[in-house]
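As the structure is a computational prediction, the values presented were derived from the model and not from experiment. Throughout, protein chains are lettered first and strands after them, A, B, ... in sequence-line order, and every chain is numbered starting at 1.
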There are 2 protein chains.
Amino acid sequence: MGLEHTGARPVDGPIAPAVPLGVTPSRRERILDAALELFVERGYAGTTMDDIGAAVDLKGPSLYKHVRSKQELLAELMSRSILTVHAAHDAAVATAEDIELQLRRAVEAHVRFHARNRLDAFLGSRELGNLAPEHRSGIIRLRKDYERSFRRLVDAGVAAGRFAVRSPKLTTFALLDMGTGVAVWFRDDGEASVDEIAYHYGDLAMRLVGAGR
Amino acid sequence: MGLEHTGARPVDGPIAPAVPLGVTPSRRERILDAALELFVERGYAGTTMDDIGAAVDLKGPSLYKHVRSKQELLAELMSRSILTVHAAHDAAVATAEDIELQLRRAVEAHVRFHARNRLDAFLGSRELGNLAPEHRSGIIRLRKDYERSFRRLVDAGVAAGRFAVRSPKLTTFALLDMGTGVAVWFRDDGEASVDEIAYHYGDLAMRLVGAGR
DNA sequence: CATGGTGGCTAGTGATCGTTAGCCTTTGAC
DNA sequence: GTCAAAGGCTAACGATCACTAGCCACCATG
């Protein structure tokens, strides 16, 4: 039950690895992926270092040769996740000039991320409270940045007279939340493909903002 | 920071109290409310019985005079929550004949619940994994029932030619998820009141299903 | 063949926590 | 006034965990 990060990734993660770069990066990645899966399945507090170790054929204490602490695992997973969406968002918006198309692309990217990176998305929304305060504030700021970027698109459409929106704030929340929800119910072996869902949600977004007359 | 269950409550909860009915119901309620708040704040695994006790001026072990286990607290909170939404949903739908209005009322009730019972909603989506298997399946079934009830409204509107919907399934998910999201960002002291938000989301729902031409 | 670093292991430490045992005080019924 | 139940407490048990200490095997480099 491996993870696939097939979506566009940011050029580089900003969190410095605890171990000198170039030294067993593959092992570290495998640990991160295993931790993600277990954190989602059993929760952060409900997952032991031994669990994570077992998932990569190690004993718990051996993990400390690759990772500074359990907390570091959580922090890195969460920041990696948000930076990924945000990068995908920026890339998607940049592919269009028209504000209507920009919002559509943004929603598609949002949905695609939440379908393809279900676990990351899920963790991000659920384990914020288990993040040490020093990490938490940074993560929250990144999330707010992302939301603001969405909000700007809605505002721009309204300003240009292309969207008919009663409350830009509530509408933006609705747009974001309906896409976020995909992470909860999406299944790889479900009826609808990621692309179909993304396209459909793009349509729904257009309806929400009253685009195209 | 108490909870208000101002919505219609189901006739009776299916989880039998550990203590004979009628004996110190008030104390037990206070424990449940404290547990809810703490579970949301620190997570189920991150909350100790001593924490809960302290919140109601008791020592941890004293809780066992009122409650069978920590697990029971979680299970009761979750089932109480779902039964509450579902009851509110049924009551809301019953106030209208027209399918369009029924869906609008259902969305309003959904949003109202998620704004007023933020903590319950949050817990319900986050701590499913910490529920003992025997409780979990029942809770999941109740949640599915609730979703199905929404889905039926969408289908009915489509069948009556009142809604223009490409995928009833995806549209229903979008409707539910945007409302569920309210629980995450709503604040009692925020700009918008519960009623304003509920009304607005009713409008958004009508747009999503393409109601009213 | 030395050697030193990398990465694995076992054993253990100290802390935390759910839960139980057992005791004591209050209170209300008779 | 007696007595039992209800409900509070402290103490302690047994588990579980994150993390550390310290050891050893492998292996590349000279």
From [atom1] of [X] over to [atom2] of [N], roughly how many Å is that when rounded to an integer?
X	N	atom1	atom2	result
A:Asn130	D:dA18	CG	P	12 Å
A:Lys59	D:dC17	NZ	P	15 Å
A:Leu58	C:dT6	CG	C1'	13 Å
A:Leu63	D:dA18	CG	P	10 Å
B:His66	D:dG7	NE2	P	6 Å

Check whether any side-chain N or O of B:Ser62 sits under 4.0 Å from OP1 or OP2 of D:dG7, and answer yes or no.
no
Respond yes when some side-chain nitrogen or oxygen of A:Arg27 is under 4.0 Å from OP1 or OP2 of C:dT6, and no when none is.
no
Pairs flagged by salt bridge (charged side-chain N to carboxylate O under 4.0 Å, His left out) wherever residues 127-146 of chain A is involved - sequence neighbours left out
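Only A:Asp145-A:Arg148 qualify under salt bridge (charged side-chain N to carboxylate O under 4.0 Å, His left out).
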Is the shortest side-chain heavy-atom distance between A:Phe150 and A:His89 below 4.5 Å?
yes
At their closest point, which heavy atom of A:Ala88 faces which heavy atom of A:Ala109, and how far apart are they?
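Taking A:Ala88 first and A:Ala109 second, the nearest heavy atoms are O-CB, 4.1 Å.
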Can you give me the closest heavy-atom contact between A:Arg42 and A:Arg126, atom names plus distance?
C-NH2, 4.4 Å
Give every donor-acceptor pair under 3.5 Å between a side-chain atom in residues 178-186 of chain B and any protein atom, sequence neighbours left out.
{"from": "B:Thr180", "atom 1": "OG1", "to": "B:His110", "atom 2": "NE2", "distance (Å)": "3.4"}
{"from": "B:Thr180", "atom 1": "OG1", "to": "B:Leu176", "atom 2": "O", "distance (Å)": "2.8"}
{"from": "B:Trp185", "atom 1": "NE1", "to": "A:Asp177", "atom 2": "OD2", "distance (Å)": "3.2"}
{"from": "B:Trp185", "atom 1": "NE1", "to": "B:Gly181", "atom 2": "O", "distance (Å)": "3.4"}

For nucleotides 17-22 of chain C, list the nitrogen or oxygen atoms of the protein found under 3.5 Å from its nitrogen or oxygen atoms, one pair per line.
{"from": "C:dG18", "atom 1": "OP1", "to": "B:Thr47", "atom 2": "O", "distance (Å)": "3.0"}
{"from": "C:dG18", "atom 1": "OP1", "to": "B:Lys70", "atom 2": "NZ", "distance (Å)": "2.8"}
{"from": "C:dG18", "atom 1": "OP2", "to": "B:Met49", "atom 2": "N", "distance (Å)": "2.7"}
{"from": "C:dT19", "atom 1": "OP2", "to": "B:Tyr64", "atom 2": "OH", "distance (Å)": "2.5"}
{"from": "C:dT19", "atom 1": "OP2", "to": "B:Lys70", "atom 2": "N", "distance (Å)": "3.0"}
{"from": "C:dT19", "atom 1": "O5'", "to": "B:Tyr64", "atom 2": "OH", "distance (Å)": "3.2"}

Salt bridge between A:Arg118 and A:Asp188, side-chain N to carboxylate O under 4.0 Å?
no
